[in-house]
Protein chains: 4
Amino acid sequence: MFEATVKLVNEIGFAASSVSKIAGEAGISPATLYIYYKNKEDLLVSTYVEIKRNIAGAVHEGFDETLPIRDILRRVWFRMFDYISRHPDYFQYTEQFAHSPYQALVDKGEIEAFFEPVIRVLRRGIEQKIIKNVDFHILTAFIFHPILAISNARVCLDFELTEKNIETAFAMAWDAVRL
Amino acid sequence: MFEATVKLVNEIGFAASSVSKIAGEAGISPATLYIYYKNKEDLLVSTYVEIKRNIAGAVHEGFDETLPIRDILRRVWFRMFDYISRHPDYFQYTEQFAHSPYQALVDKGEIEAFFEPVIRVLRRGIEQKIIKNVDFHILTAFIFHPILAISNARVCLDFELTEKNIETAFAMAWDAVRL
Amino acid sequence: MFEATVKLVNEIGFAASSVSKIAGEAGISPATLYIYYKNKEDLLVSTYVEIKRNIAGAVHEGFDETLPIRDILRRVWFRMFDYISRHPDYFQYTEQFAHSPYQALVDKGEIEAFFEPVIRVLRRGIEQKIIKNVDFHILTAFIFHPILAISNARVCLDFELTEKNIETAFAMAWDAVRL
Amino acid sequence: MFEATVKLVNEIGFAASSVSKIAGEAGISPATLYIYYKNKEDLLVSTYVEIKRNIAGAVHEGFDETLPIRDILRRVWFRMFDYISRHPDYFQYTEQFAHSPYQALVDKGEIEAFFEPVIRVLRRGIEQKIIKNVDFHILTAFIFHPILAISNARVCLDFELTEKNIETAFAMAWDAVRL
DNA sequence: GATGAATGAGTGTTCATTCAT
DNA sequence: CATGAATGAACACTCATTCAT
């Protein structure tokens, strides 16, 4: 059901992905779907949270708090791009979801918890005066959001994403946030 | 109809905004709506393009190409935040639209043309070795996208957006793109 | 308006031919159409009656009551095929109309009056014991209806209608009705 | 659903028979109808094909290829009138359908296959020089189409159809096609 | 567990028609 | 005469959801 949901949303869009179609894609009856999920909302939100957990796992792989902060962030940045290139469908799902009305139904705290390690690193960076002491929303707007913007360009438009491009982009992100 | 569309999309979301509901909000019959717009798609896309034109007009107000590039971008940056704070609903509409399947139906060239002056400035900045010579998608990911991320935080969450915050954020954006 | 109605009905069918589309085809406003016709029904029925009058005029061209009855009917038969091959659209309109619910709204007497001369000939043929003395519905079922069936085959299917075919068919019709 | 479709089409005509009305007549929800039929077209075409199969079954009842050709055709002819008098509504449905735009969507081959036995008899009649050697479209225009014309007169107008009338009409049809 | 059958409420869209201008 | 603007009612069709089996 998870896979069917993601696949369909990526093929025909969020709004057009009806319960019956998702059930059809999954090879089950719509009625069966309601055994596992309370309703459509539950299905979509659960799928979103699952992917986010998935992403968090991926970006923290080989996470080593003892490295210099710049290296940690750089690794997270690269892991993120790597994940998106391996799972463009999962990524696109989250992008669509995050801008839909369903977004309001997600427990933001739960999502943030997944990313706790890297957030803690940012906080340490501020304390150690390595990273600019600005509001967290502004910080993430410069080191996480550009990833999404760039990846979206790659998924939707004709933009080619090379290793060098990613390196350059990270350098810019680092320039933005470092003291 | 324009106002009704924006209002409803902001209140109940993109997917739930049916033609009848929009017509109801506008105080007209659904049939009447179809005199002015070819279909739902046309209504939504037209509304989007209209807002984008609107935004482009706002950010270019008092545009002065003779100023230093940093000052030009700073002005655009502030004008953008100003516009969003005056028209959070218009902004939110574009954010929702840009991540919906309708997004694919927009003539990207037309939209880009609206922002031609500022884009030309960026290009000049690269030529004059004031701005990093990187792909345009990457550049915009650092000087325009963070505005959206930050504004979204303001609209959706509890984030307060002060003059000083904006100034700080711009400094970061500039750090990211300047040579 | 007459031409537009016929043309559209032949292109998109009877049911799909809306008043607005007919007006559009005629290059006028739907409102204007209502100046000349009471309503849609009036438009369609009038068009039908007009064509029927047209057909009656055509089949009676060069009508000569003094000829032998077989020759008269043969001439009518050929004139009918000639008309249909010159105006397949008019013919098709009548066929569609005659099997639609609108058919009930036509003054059958008025239509029959158009064909009075040839009907009178049939009646004379019965009196002179040249034609079988059977109910008129049966008679027309054999000398007029086959024309429609054959013409329909030509219009809808791949059937080629040669001079010789028509001659043969008339011989069969005559065999059916003559004493 | 089958019965409801036929009944409604006969009562209010083909064009006015909407899916909701048919569903209403059948005592079910429009949505339910779509479980059994792909769409309106499917419903109408299926109903037509079903009736045609039905008719073919009826006219071939007691079909005996060893009888003289005239007797075979006479039996088919009478069986056809019998069917129509027992199911005037089914017959009327096919007449309306055959002149509607939906007609184009039917697999003509499938329908013809239902009537294969009697068609084979006609072919044999031609080979044995009992029936005129003319195009099949012309042949059927004289032995099958008049049935429809006569029956239509009975259904729509005031024409009374007696056993003697039918016998006379068949004699005429036979006169038309026999050598 | 799983599902076939069902549906009320809704979708986007077109209809025939009116009427002030 | 002609029409632009308007609409209530209907259209074909899909929705998320339920429930007896």
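Throughout, a chain's letter reflects where its sequence line sits, starting with A, and its residues are numbered from 1.
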Peer 1: Using whole Å, what does the distance between atom C1' of nucleotide dC15(F) and atom CD1 of Ile22(A) come to?
Peer 2: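 Rounded to the whole Å, the gap is 12 Å.
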Peer 1: So, is Ser20(D) close to the dA10(F) phosphate, meaning a side-chain N or O under 4.0 Å from OP1 or OP2?
Peer 2: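 No, outside the criterion.
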Peer 1: Leu8(D) CG to dC11(F) C1': how many Å, rounded?
Peer 2: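 Taking CG of Leu8(D) and C1' of dC11(F), I get 15 Å after rounding.
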Peer 1: In terms of the nearest nucleotide of DNA chain F, which residue is placed more toward the 5' end: Gly27(C) or Ile28(B)?
Peer 2: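 Nearer the 5' end of the strand: Gly27(C).
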Peer 1: Decide if atom NZ of Lys7(C) counts as having more than 12 heavy atoms of other residues, nucleotides or ligands within a radius under 6.0 Å.
Peer 2: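 Not more than 12 within 6.0 Å, no.
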Peer 1: Of all the nucleotides listed (dC19(F), dG4(F), dT17(E)), which has the minimum atom distance to the side chain of Ala31(C)?
Peer 2: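 It is dG4(F).
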Peer 1: Between Lys21(B) and Ala16(B), is there a donor-acceptor pair closer than 3.5 Å when you use the side chain of the first and the backbone of the second?
Peer 2: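 Yes; at least one donor-acceptor contact below 3.5 Å.
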Peer 1: If pairs are Watson-Crick or G-U with both distances under 3.5 Å, what is the dot-bracket string of DNA chain E, marking crossing pairs with [ ] and pairs to another strand with |?
Peer 2: .||||||||||||||||||||
Peer 1: Could you please name the option among dT17(F), dC15(E), dA12(F) that lies closest to any side-chain atom of Lys21(C)?
Peer 2: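 Nearest to the side-chain atoms of Lys21(C), counting from C-beta on, is dC15(E).
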Peer 1: If we count only N and O atoms by modelled type, under 3.5 Å, do the side chains of Glu95(D) and Tyr90(D) hold a donor and an acceptor together?
Peer 2: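 There is no such pair (donor and acceptor under 3.5 Å, judged by atom type) between the side chains of Glu95(D) and Tyr90(D).
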Peer 1: Which residues within residues 40-49 of chain A lie with some heavy atom under 4.0 Å of an atom in DNA chain F?
Peer 2: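 Hits under 4.0 Å, by residue number: Lys40(A).
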Peer 1: Expressed in angstrom and rounded to an integer, what is the separation of Ile12(D) atom CD1 from dA10(F) atom C1'?
Peer 2: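 Nearest whole value for this atom pair: 12 Å.
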Peer 1: Tell me if a side-chain donor or acceptor on Lys40(D) pairs with a main-chain N or O of Ser18(D) at a distance below 3.5 Å.
Peer 2: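 No, the answer is negative, given that no donor and acceptor are paired below the 3.5 Å cut-off.
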Peer 1: Compare the minimum distances between each of dA12(F), dG12(E), dT7(F) and the side chain of Val19(B), then state the nucleotide with the smallest one.
Peer 2: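 Closest nucleotide to the Val19(B) side chain: dG12(E).
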Peer 1: Between Tyr93(D) (side chain only) and Leu44(D) (backbone N and O only), is there a donor and an acceptor less than 3.5 Å apart?
Peer 2: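 Side chain of Tyr93(D) to backbone of Leu44(D): a pair is present.
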Peer 1: The side chain of Thr32(D) is closest to which nucleotide in this list: dT3(E), dG8(F), dA6(E)?
Peer 2: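 When the side chain of Thr32(D) is considered, dA6(E) is the closest of dT3(E), dG8(F), dA6(E).
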Peer 1: Is the number of heavy atoms from other residues, nucleotides or ligands within 6.0 Å of CD (Glu112(A)) greater than 12?
Peer 2: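 At most 12 heavy atoms, drawn from other residues, nucleotides or ligands, come within 6.0 Å of this atom.
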Peer 1: Where the side chain of Ser151(A) meets the backbone of Leu148(A), is there a donor-acceptor pair that is under 3.5 Å apart?
Peer 2: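 No, because the side chain of Ser151(A) does not come within donor-acceptor range (under 3.5 Å) of the backbone of Leu148(A).
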Peer 1: With a cut-off of less than 4.0 Å, is there a side-chain N or O of Ser18(B) near OP1 or OP2 of dT11(E)?
Peer 2: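 Answer is yes, contact under 4.0 Å.
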Peer 1: Between dG4(E), dG1(E), dC11(F), which nucleotide gets closest to the side-chain atoms of Tyr36(A)?
Peer 2: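 Nearest to the side-chain atoms of Tyr36(A), counting from C-beta on, is dG1(E).
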Peer 1: So which one's nearest nucleotide on DNA chain E is more toward 5', Leu33(D) or Ser29(B)?
Peer 2: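 Its nucleotide being nearer the 5' end, the pick is Leu33(D).
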Peer 1: Atom OH of Tyr34(A) and atom P of dA6(E): how far apart are they, to the nearest Å?
Peer 2: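 Between P of dA6(E) and OH of Tyr34(A): 19 Å.
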Peer 1: Of the candidate nucleotides dT3(E), dT13(E), dT18(E), which contains the atom at the shortest distance from the side chain of Ile35(A)?
Peer 2: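 Looking only at side-chain atoms, Ile35(A) lies closest to dT3(E).
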Peer 1: Rounded to whole angstroms, how far apart are NZ on Lys38(B) and P on dT14(E)?
Peer 2: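 Interatomic distance, NZ of Lys38(B) to P of dT14(E): 11 Å.
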Peer 1: For the aromatic rings, using the six-membered ring if either is Trp, is the centroid distance between Phe91(D) and His87(D) under 6.0 Å?
Peer 2: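 Distance test on ring centres: not under 6.0 Å, no.
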Peer 1: Checking the side chain of Thr47(A) only, and the main-chain atoms of Leu43(A) only, is there a donor and an acceptor separated by less than 3.5 Å?
Peer 2: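 Yes, Thr47(A) side chain to Leu43(A) backbone: donor-acceptor pair under 3.5 Å.
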Peer 1: Report yes or no: does Asn10(B) contribute a side-chain atom to a donor-acceptor pair with the main-chain N or O of Asp89(B) at less than 3.5 Å?
Peer 2: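 Pair found, side chain donor or acceptor close to backbone of Asp89(B).
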